[in-house]
Amino acid sequence: MFPGAIMTIEDQLKEDQIAAMRAKDRATLNAIRSVQSEVATAKSAPGFTGEVDDDVWRATIATYVKRLRKSKDEYEAMGERGAEQAAVLAFEIDYHTQILPKTLDEAATGGLVDRTFADLGANASTPPGQVFGAVMKSGEDVDGALVARLVNERMRAT
């Protein structure tokens, strides 16, 4: 790249891929190849038009990470039998989340949910979707699954 040039996600992944091949880092190489395959699938999906830009990469990686987290949880629930595969998925999740914009952690998200409850005057009879929607529209970068879990926990507690 040229000095001062902004590197795209695709370019960064290609550089990481070359470095991983040189270092014989199979875990990183597998993580990169998996997400490249996901993007290729998204690109060939019916109705896809346009360029594969950073927004497409981010959206595809976010969807892929969400699936990885679900699979990791399932492997962890298997105990010792699933521990090795859960560790592989944990590595992939960590690798890919470096690319994604940072979201609020659980404590900060919980605070946002609490403030939204207070702002709305929400209680047990308030539809959870109303609180969820207000949190998601707050402008903060939050994990939707975490917000849903926290809103439901707060609804049960009120």
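Numbering starts at 1 and runs along the sequence shown.
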Name all residues meeting the side chain to side chain donor-acceptor pair (under 3.5 Å) criterion together with [X]; count only those two or more places apart in sequence or in a different chain, and write none if there are none.
X	result
D25	T28
Q12	D16
Q85	none
D54	none

Ignoring hydrogens and angles, tell me if any N or O in the side chain of T60 forms a donor-acceptor pair with the backbone of V56 under 3.5 Å.
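Indeed, once roles are kept as given, a pair shorter than 3.5 Å links the two residues.
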N30 side chain to R26 main-chain N or O, any donor-acceptor pair under 3.5 Å?
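Side chain of N30 to backbone of R26: a pair is present.
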Return yes if a side-chain donor-acceptor contact under 3.5 Å exists between D11 and T8, otherwise no.
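Indeed, the side chains of D11 and T8 share at least one donor-acceptor pair under 3.5 Å.
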Once ring pair (Phe, Tyr, Trp, His ring centres under 6.0 Å) is applied, what residue pairs with a partner in residues 62-98 remain, sequence neighbours excluded?
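For residues 62-98: Y64-H96.
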Pairs satisfying salt bridge (Lys or Arg N to Asp or Glu O under 4.0 Å), at least one member in [range], at least two apart:
range	value
residues 134-143	none
residues 146-158	E106-R149, D114-R154, R149-E153
residues 90-104	none
residues 62-73	E38-R67, K72-E76

Co-membership, hydrophobic cluster, residues [X] and [Y], 4.5 Å side-chain:
X	Y	answer
M7	V39	no
I93	I9	yes
V35	M21	no
W57	I18	no

List, by chain and then residue number, the residues other than L112 in its hydrophobic cluster (Ile/Leu/Val/Met/Phe/Trp/Tyr, side-chain heavy atoms under 4.5 Å); write none if there are no others.
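Answer for L112: L104, V113, F117, L120, V131, F132, V135, M136, V142, L146, V147, L150, V151, M155.
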Which distance, rounded to the nearest 0.5 Å, do you find between the CG of L68 and the CG of L89?
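Separation between the atoms: 5.5 Å.
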Distance in Å, D119 CG paired with S138 OG, rounded so as to fall on 0.5 Å steps:
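Answer for the CG-OG pair, D119 versus S138, is 10.5 Å.
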Which heavy atom in A108 sits nearest to a heavy atom in D105, and how many Å separate them?
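So the two residues come closest at N-OD1, 2.8 Å.
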Where is the tightest heavy-atom contact between G121 and T126, given as atom of each residue plus distance?
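Where G121 meets T126 most closely, the heavy atoms are O-OG1, 4.5 Å.
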Taking side chain as C-beta onward, heavy atoms only, is E10 less than 4.5 Å from Q36?
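A side-chain contact under 4.5 Å is absent here.
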With sequence neighbours left out, write down each residue that passes salt bridge (charged side-chain N to carboxylate O under 4.0 Å, His left out) with K43, or none if nothing qualifies.
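K43 satisfies salt bridge (charged side-chain N to carboxylate O under 4.0 Å, His left out) with no other residue.
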Qualifying residues under side-chain contact (heavy atoms from CB on, under 4.5 Å), relative to D55, sequence neighbours excluded
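Scan of D55 (side-chain contact (heavy atoms from CB on, under 4.5 Å), adjacent residues dropped) gives D53, R58.
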